[in-house]
Amino acid sequence: MDSNKLYYVVGLAGAGKTTVCKQLAECIDGGAAPQTSGRFMDFIKKNGVETPKSLDAISHEKREDLINGLHHSFLQDKSKNSYTFLDGHMFVTNSNTGLRVNAMASENNDVSDGLIFLNTPNEVVASNIDSDNQSGKRNRSECSIDVLNELSEEEFQGAEDYCLLNSIAFGVLNNISLAGQFFEVGFDDVYYLNDYYLSKNTKLRELYKAQFESDLSPSSLRKQHYELGSKLVEPLEKKVGADLSNFQVLSIPRSGNYIANGFCEGFNGRFIMSKEPAEIVCDMDESKGLVIIDSVIDSGNTVRNIIEALPSTYVQPIHVVCLAINIKALEMIESYKETVEFHCLGFSNKTNRPKGIFDMGARLYGTPD
Ligand SMILES: O=P(O)(O)OC[C@H]1O[C@H](OP(=O)(O)OP(=O)(O)O)[C@H](O)[C@@H]1O
């Protein structure tokens, strides 16, 4: 039983979690995908709550007790199956208040070994909701793509927080369709993010989250980036088991600059500031390792262009350190796993690249237009 695993597949309603749970269970020996919604209905009824709607009227404490109780009841499944996959949510909308409320057990108590975020394009989520409603299979509220994007970012961030807090696996499973047909997914298709995190320190995590507050002035944001950068040295040295003095640092302008400056506070080695591959190759020292610092990896193009330009004679360790990595870049990152190590404080699933006042460079340099 100790080696048995239980995972929640989380994501928006309409993302295809039930189907994917079944596929995951089928592709692995001893896999099971209990029908989570049926179990949920039975459990709340047994505890005096007739419908999910009436769950929205009970007190927060009672609701949390029920969620934790249902969660702990899955231990029975875990004891019987090598792998249990459950359809779960981080948040749901309370139909009385319209507010988003917690839907995941607050006391994990080692029941769940991980959360797998089902990354389904929100256009597909919208069309699934629409066809379920039309066929009468389910009655789900319809939202615009912008609202679905916001909800799915919130769901993803909630899942990341939960996994870091409970020290459990955090996976991403891309639910990609071609010509309207979804590919069958398997347990091997899950990308686990845990190894990329630079630190589990809660203070650093708070500082990381604080820099996303959009009302920060450029000067406060710059200070925060500098402070974050200075606090990344120790976790990096610890994680990679190497001393920074064996490296040179490359800062990617312009959003990486304040982090890189903080990072190099006590560093006396070579410091390069450029995003031009040819210039970087010309300025670098081939006898030293390379730490590349940026604020964010979105598509991954910037960092890939630099890595690709490095001469084949360069055989030193390469570490890319940034605050956030978008899951869009996961495939690219994994393709370099033999030569480059990527590190971050958090991931993001933003569909659209932040623009104007939401763009990190614009926020740092006070150029929102
Ligand atoms: O992974 P990618 O899709 O290449 O995106 C990542 C790049 O985007 C940002 O820079 P941006 O181009 O916005 O310029 P700035 O830092 O000068 O504002 C960021 O600082 C990265 O360098």
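For the single chain, residues carry numbers from 1 onward in sequence order. Counting starts at 1 for both ligands and their atoms, following the listed order. Everything numeric in this text was worked out from a predicted model, so none of it was measured.
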Any idea which atoms of ligand 1 are less than 4.0 Å away from a heavy-atom of [X]?
{"X": "V296", "answer": "6 (C), 19 (C), 21 (C)"}
{"X": "I297", "answer": "1 (O)"}
{"X": "N301", "answer": "1 (O), 2 (P), 4 (O)"}
{"X": "S255", "answer": "15 (P), 16 (O), 18 (O), 20 (O)"}
{"X": "G361", "answer": "18 (O)"}
{"X": "K275", "answer": "12 (O), 14 (O)"}

Salt bridge check: are [X] and [Y] linked by an N-O gap of less than 4.0 Å?
{"X": "E227", "Y": "K231", "answer": "yes"}
{"X": "E160", "Y": "R205", "answer": "yes"}
{"X": "R270", "Y": "D283", "answer": "no"}

Nearest neighbour in protein (non-hydrogen) for [atom]:
{"atom": "atom 3 (O) of ligand 1", "answer": "S299 OG, 2.5 Å"}
{"atom": "atom 4 (O) of ligand 1", "answer": "T302 OG1, 2.5 Å"}
{"atom": "atom 8 (O) of ligand 1", "answer": "R353 NH2, 2.8 Å"}
{"atom": "atom 15 (P) of ligand 1", "answer": "R254 CG, 3.5 Å"}

### Query
Between D294 and ligand 1, which part of the residue brings a heavy atom under 4.0 Å of the ligand: side chain, backbone, both or neither?
side chain
### Query
Is ligand 1 under 4.0 Å from a heavy atom in the side chain of M360, in the backbone, in both, or in neither?
neither
Is the [X] ring parallel, tilted or perpendicular to the [Y] ring (thresholds 30°, 60°)?
{"X": "Y336", "Y": "F342", "answer": "tilted"}
{"X": "Y7", "Y": "Y192", "answer": "tilted"}
{"X": "Y365", "Y": "Y258", "answer": "tilted"}

#### Entry: is_close_aromatic(F117, F170), centroid dist under 6.0 Å
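No, the ring centres sit 6.0 Å or more apart.
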### Query
Does the gap between the ring centers of F187 and F85 come in under 6.0 Å?
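Yes, the ring of F187 comes within the 6.0 Å limit of the ring of F85, centre to centre.
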### Query
If you measure from each heavy atom of G300 to ligand 1, is any distance below 4.0 Å?
yes
### Query
Could you walk me through whether D113 and K78 pass the salt bridge (Lys or Arg N to Asp or Glu O under 4.0 Å) check?
CA-CA 10 Å; D113 296 280; K78 189 172 175 177; 3.0 Å; yes
